[in-house]
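Here, residue 1 is the first one in the sequence, and each next residue gets the next number. Both counts, for ligands and for their atoms, begin at 1 and track the order of listing. As a basis for the values below, the full set of heavy atoms in this structure was taken, side chains included, without hydrogen atoms, waters or symmetry mates.
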Amino acid sequence: MENPNIEQKIQDFIARIEARNPNEPEFLQAVKEVAITVLPFIATRKEYAGKKLLERMAEAERIIIFRVPWMDDKGEIHVNRGYRIQMNSAIGPYKGGIRFHPTVNLSVLKFLAFEQVFKNSLTTLPMGGGKGGANFDPQGKSDMEIMRFCQAFMTEMCKHIGPETDVPAGDIGVGAREIGYLFGQYKKIRNEFTGVLTGKGLAYGGSLIRPEATGYGVVYFCEQMLKTIGETIEGKTFSVSGFGNVAWGVVKKINELGGKVLTISGPDGYIYDEEGISGAKVDFMLSMRASGTNRAQDFATEFPSAVFHAGKRPWEVKCDVAIPAATQNELLLEDAELLVANGVLCVTEAANMPSTLEAINYFVENKILFSPGKASNAGGVATSGLEMTQNSIRLNWTSEEVDARLKEIMIGIHKACRDYGKEDNGYVNYVKGANIAGFVKVAEAMLAQGVV
Ligand code: 2IT
């Protein structure tokens with residue numbers, strides 16, 4: 001480090017954040033990763049001195065926590081906890097997904113909202129950062145139970161959001177069906193037809209390519225990373241984790257560009273298919289998601305070429321490129337060690353914070369091409385931004401137009417990461433690049449707007 005005091009400053013900063021947010025390990029992990037890379041940068045900029053910019057960014061502007069009571073098909077009453085974290089609105093209305101999953105808690109949503117601020121800034125579109133959700137488990141629920149839950153959730157959330165205020169979207173457990181129910185309830189209570197949610201169906205203001213966008217964006221980003229070492233997607237082998245919306249888009253685009261997908265996974269284990277996951281197998285991922293059973297094993301029952309490895313993660317498979325596309329902290333140090341030992345060329349994160357800090361450090365120390373989710377998965381929210389634009393101008397763009405804009409945005413993010421992440425020895429630290437590039441725009445806006 002150029003500045004001997006900076007280590008101490010980072011330690012002090014993290015200690016303050018930890019003291020103010022006890023028992024929030026995921027949130028602390030996300031802030032730590034940013035602090036380590038951004039505080040040394042802040043120290044080089046006179047205009048940022050003493051402004052507590054990162055400290056302000058690490059405190060949500062507003063957090064709404066609410067009761068979500070609902071009745072199941074048997075008439076039994078259930079109570080869940082709903083959240084909306086309005087993290088930062090310096091560069092635009094709060095924007096970010098809604099997650100319905102039993103693991104949802106304040107720490108998880110605060111980490112996601114914090115990451116979203118930097119991610120949305122990287123897209124170059126005018127979107128602040130937010131995130132929400134509930135500790136609701138959609139698994140095994142009937143369609144009507146899902147509808148009643150969405151309505152109960154929106155009955156409170158509709159008081160806090162709006163197209164110029166906060167625009168939620170989907171995330172784990174929230175897809176097109178849930179967005180439809182949420183939109184219907186918002187419209188009924190507020191009596192407004194507006195672009196208050198993204199990921200909407202095409203019939204009522206949705207955008208073409210939004211369902212595919214996160215995964216496509218990841219692969220466009222990966223393509224750019226590989227290009228820097230003179231490589232392409234074509235002919236490469238890929239280990240992908242997850243089987244949901246993001247993994248589906250990733251697998252679809254890899255196949256289109258001539259790569260071979262060896263694995264997908266679920267909470268129960270992973271699938272290895274030496275013939276590659278393509279064609280009807282990709283469509284089957286959609287029915288796995290729709291079935292709501294959350295089992296990767298079903299894939300092996302359907303396709304004889306697929307082998308199911310119970311309770312294991314796919315990172316033990318030899319591959320050229322690894323794409324974690326399931327959830328946070330699904331790739332640990334021991335997985336990173338295995339991937340590197342097996343000669344992985346590139347790791348492109350598709351989920352939010354899938355790698356632990358120790359795994360990231362191992363990739364960076366070994367000079368692996370590694371991109372953090374907040375850069376490489378930003379195509380999802382970027383396309384949400386394009387949906388907001390189409391809603392505002394009351395027009396629908398063609399798939400080709402949306403896809404071209406998405407690709408251009410991903411190429412731009414890749415360039416921003418390289419510009420801020422290039423180290424003296426030529427290695428590009430995408431983590432550092434994404435954090436600093438994302439930080440700068442938000443910081444400039446906050447400086448201009450004063451202490452608010
Ligand atoms: O993590 C994410 O970026 C999302 N779940 C998408 C958010 C959005 O507003 O489209």
Side-chain angles (χ1 to χ4, degrees), residues 26 30 83-89 91-101 104 108-134 157 161-163 165-176 178-179 182-183 195-201 205-218 221 242 244-250 289 324-328 330 349-354 371-391 402 405-406 409-410 413 434 438:
E26 294 86 1
Y83 305 82
R84 186 69 187 168
I85 317 279
Q86 299 185 330
M87 200 73 193
N88 194 300
S89 61
I91 65 170
Y94 309 107
K95 180 87 197 84
I98 298 282
R99 177 177 292 191
F100 290 165
H101 195 268
V104 162
V108 167
L109 292 181
K110 276 171 71 178
F111 115 64
L112 288 163
F114 182 75
E115 292 257 308
Q116 200 80 44
V117 173
F118 293 80
K119 183 196 304 195
N120 293 5
S121 168
L122 284 169
T123 67
T124 71
L125 301 177
M127 301 182 289
K131 201 87 189 189
M157 194 172 65
I161 63 173
T165 311
D166 185 352
V167 183
D171 194 81
I172 294 170
V174 178
E178 290 74 18
I179 292 293
L182 291 164
F183 185 83
V196 65
L197 293 160
T198 60
K200 299 185 292 297
S207 173
L208 289 162
I209 303 292
R210 177 64 191 88
E212 294 88 346
T214 313
Y216 281 16
V218 166
F221 197 94
N245 172 259
V246 176
W248 166 74
V250 164
R289 188 155 65 96
T327 194
Q328 65 267 10
E330 54 157 318
E349 288 191 342
N352 291 313
M353 206 169 77
S371 73
K374 65 170 82 78
S376 34
N377 77 21
V381 73
T383 307
S384 278
L386 301 178
E387 183 173 331
M388 289 167 74
T389 305
Q390 293 169 80
N391 292 164
V402 178
R405 285 179 190 270
L406 165 63
I409 289 169
M410 297 316 295
I413 298 173

With sequence neighbours excluded, residues passing salt bridge (Lys or Arg N to Asp or Glu O under 4.0 Å) with R405: E401

Are there any protein N or O atoms under 3.5 Å from the N or O atoms of ligand 1? List them with distances, or say none.
from	atom 1	to	atom 2	distance (Å)
ligand 1	1 (O)	K119	NZ	3.0
ligand 1	1 (O)	K131	NZ	3.0
ligand 1	1 (O)	N352	ND2	3.0
ligand 1	3 (O)	Q116	NE2	3.1
ligand 1	3 (O)	K119	NZ	2.7
ligand 1	5 (N)	K131	NZ	3.4
ligand 1	5 (N)	G170	O	3.1
ligand 1	5 (N)	D171	OD1	2.9
ligand 1	9 (O)	K95	NZ	2.6
ligand 1	10 (O)	R210	NH2	3.0
ligand 1	10 (O)	S384	OG	2.5

Partner residues of N88 under the side-chain hydrogen bond (donor to acceptor under 3.5 Å, both in side chains) criterion, sequence neighbours left out: none

Minimum heavy-atom distance between G129 and N120, given as atom pair plus value: CA-ND2, 4.1 Å

Atom of A351, atom of E330 and distance for their closest heavy-atom approach: CB-OE2, 4.0 Å

Set of side-chain contact (heavy atoms from CB on, under 4.5 Å) partners for S376, sequence neighbours left out: F221, T348, E349, S371

E115 side chain to N352 side chain, donor-acceptor N/O pair below 3.5 angstrom: no

